[in-house]
Amino acid sequence: TRSTRPQRLLKAVQKRATRGDPQSVISAIDHFCRHSEWAMNVGDEKGSILDSVVSELNPEKVLELGTYCGYSTVRIARLLPPGARLITLEFNADYAAIARQVISWAGLEDKIQLVEGASEDWIPRMKEHFGIETFDFVFLDHWKDRYLPDTKLMEDCGLLRKGTVLLADNVICPGVPDYLEYVRNSLSYKSSYFKSHLEYTKAEDGLEKSVFLG
Ligand SMILES: O=C(NC/C=C/[C@H]1O[C@@H](n2cnc(C(F)(F)F)c2)[C@H](O)[C@@H]1O)c1cc([N+](=O)[O-])cc(O)c1O
Ligand SMILES: [Mg+2]
């Protein structure tokens with residue numbers, strides 16, 4: 001039977017990228033998505049903004065919601081200091097299987113823990129299951145109708161501290177209006193918009209950076 005797009009993306013990584021070289025994995029995926037098949041990775045333009053936010057923050061504890069093929073997982077993990085940890089949640093087992101191989105090809109498995117399941121099941125278990133007190137950085141790139149409920153769930157579970165940074169993808173396209181309204185009007189967040197473009201296209205999109213004020 002016909003292969004899936006994530007399978008073809010992985011093949012492109014294994015063909016073009018060098019094992020243990022995260023930058024070559026990132027470049028191979030961007031090349032595949034520009035020249036072969038579009039895929040919903042954060043991409044190189046928004047990815048550079050993601051890089052600058054992570055580099056400035058130097059987070060020790062990172063949560064990513066929505067692994068997909070592991071593109072942003074690799075982007076973030078390659079910048080983390082030794083000893084820092086990234087937990088990434090993925091609901092789809094097929095995507096998770098591809099992401100594990102992409103992460104392994106980049107040689108970043110020691111910094112990353114990929115967890116399969118639903119956010120509403122795993123967010124309440126972060127403390128007892130992973131020994132996490134609070135997260136320093138959260139990247140939201142999963143189902144757009146889950147950004148707001150999962151943010152409220154992280155608040156309720158005490159996983160955010162004064163200064164925790166939330167960075168949300170796709171706040172224009174496909175858009176997350178309820179989430180944007182919340183973080184921009186809540187007294188618990190200082191929010192700012194980074195205008196960019198939808199990955200590999202000329203359409204407008206952007207990232208919203210929201211600092212939890214406690
Ligand atoms: O729909 C988009 N993204 C949805 C992304 C969804 C991904 O997040 C996973 N997930 C679901 N729940 C969890 C968790 F964490 F809760 F367990 C993880 C899903 O299985 C999927 O791999 C999208 C669409 C466009 N677009 O242009 O249409 C562009 C983009 O950048 C996008 O991110
Ligand atoms: Mg996205």
Side-chain angles (χ1 to χ4, degrees), residues 4-10 26 29-30 32-34 37-51 53-54 61-77 86-103 112-126 129-130 132 135 137-157 159-160 166-180 193-210:
T4 66
R5 181 167 305 180
Q7 284 170 330
R8 295 191 291 272
L9 180 150
L10 173 61
I26 291 163
I29 294 172
D30 285 332
F32 173 81
C33 292
R34 270 192 195 289
E37 304 180 59
W38 184 93
M40 61 181 178
N41 315 118
V42 73
D44 46 354
E45 193 180 313
K46 288 185 288 179
S48 299
I49 299 167
L50 170 61
D51 288 357
V53 171
V54 172
K61 301 281 179 229
V62 178
L63 176 64
E64 174 181 61
L65 299 175
T67 316
Y68 186 46
C69 296
Y71 175 89
S72 49
T73 321
V74 167
R75 273 206 93 109
I76 296 167
L86 190 165
I87 294 174
T88 182
L89 288 190
E90 179 45 58
F91 181 78
N92 180 304
D94 297 326
Y95 295 163
I98 297 295
R100 290 188 199 284
Q101 295 173 80
V102 168
I103 289 161
I112 296 163
Q113 189 151 11
L114 195 163
V115 180
E116 290 180 46
S119 48
E120 61 268 27
D121 298 335
W122 281 105
I123 287 174
R125 300 181 59 200
M126 282 297 156
H129 200 270
F130 297 101
I132 295 274
F135 286 107
F137 179 66
V138 183
F139 183 54
L140 298 93
D141 192 19
H142 62 325
W143 293 320
K144 307 315 164 194
D145 61 355
R146 291 298 312 176
Y147 281 29
L148 182 53
D150 287 340
T151 297
K152 290 183 171 174
L153 185 55
M154 287 187 284
E155 289 175 19
D156 296 346
C157 295
L159 288 169
L160 309 182
L166 306 187
L167 190 66
D169 189 26
N170 310 120
V171 297
I172 303 299
C173 177
V176 281
D178 60 343
Y179 173 83
L180 268 194
Y193 175 61
F194 291 78
K195 182 179 164 87
S196 184
H197 294 94
L198 180 67
E199 49 267 26
Y200 319 114
T201 77
K202 292 185 170 31
E204 183 180 346
D205 190 21
L207 300 169
E208 188 81 3
K209 176 186 173 185
S210 307

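As a basis for the values below, the full set of heavy atoms in this structure was taken, side chains included, without hydrogen atoms, waters or symmetry mates. For ligands, and for the atoms within them, numbers begin at 1 and follow the listed sequence.
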For this session: Can you see which heavy atom on R75 is nearest to which on S48, and at what distance?
Result: NH2-N, 3.8 Å
For this session: Could you check R100 against E90 for salt bridge (charged side-chain N to carboxylate O under 4.0 Å, His left out), going step by step and ending with a plain yes or no?
Result: CA-CA 11 Å; R100 290 188 199 284; E90 179 45 58; over 6 Å; no
Exercise. Going by atom types alone, do D30 and Y200 pair a side-chain donor with an acceptor below 3.5 Å?
Worked result: yes
Exercise. Are any of the side-chain nitrogens in K202 or D205 under 4.0 Å away from the carboxylate oxygens of its partner?
Worked result: no
Exercise. What pair of heavy atoms forms the shortest contact from S119 to L153, and how long is it?
Worked result: O-CD2, 4.2 Å
Exercise. Is there an N/O/S atom in N41 that lies less than 2.8 Å from the Mg ion (ligand 2)?
Worked result: no
Problem set entry | Heteroatom of D169 nearest to the Mg ion (ligand 2) (N, O or S, atom name) | OD2
For this session: Go through the steps to decide whether Y147 and H142 satisfy the test ring pair (Phe, Tyr, Trp, His ring centres under 6.0 Å), and finish with yes or no.
Result: CA-CA 7 Å; Y147 281 29; H142 62 325; 5.4 Å; yes
Problem set entry | Contact check: E199 to the Mg ion (ligand 2), N/O/S below 2.8 Å | no
Problem set entry | Under 4.0 Å from ligand 1 - residues by heavy atom, chain and number | W38, M40, L65, G66, Y68, L89, E90, F91, N92, Y95, G117, A118, S119, D141, H142, W143, K144, D169, N170, P174, L198, E199
For this session: List the steps and the verdict of side chain to side chain contact (heavy atoms under 4.5 Å, CB included) for E64 and S72.
Result: CA-CA 9 Å; E64 174 181 61; S72 49; 2.5 Å; yes
For this session: Please name the atom of D141, restricted to N, O or S, that is closest to the Mg ion (ligand 2).
Result: OD1
Exercise. What are the two closest heavy atoms between A77 and I112, and how far apart are they?
Worked result: CB-CD1, 3.6 Å
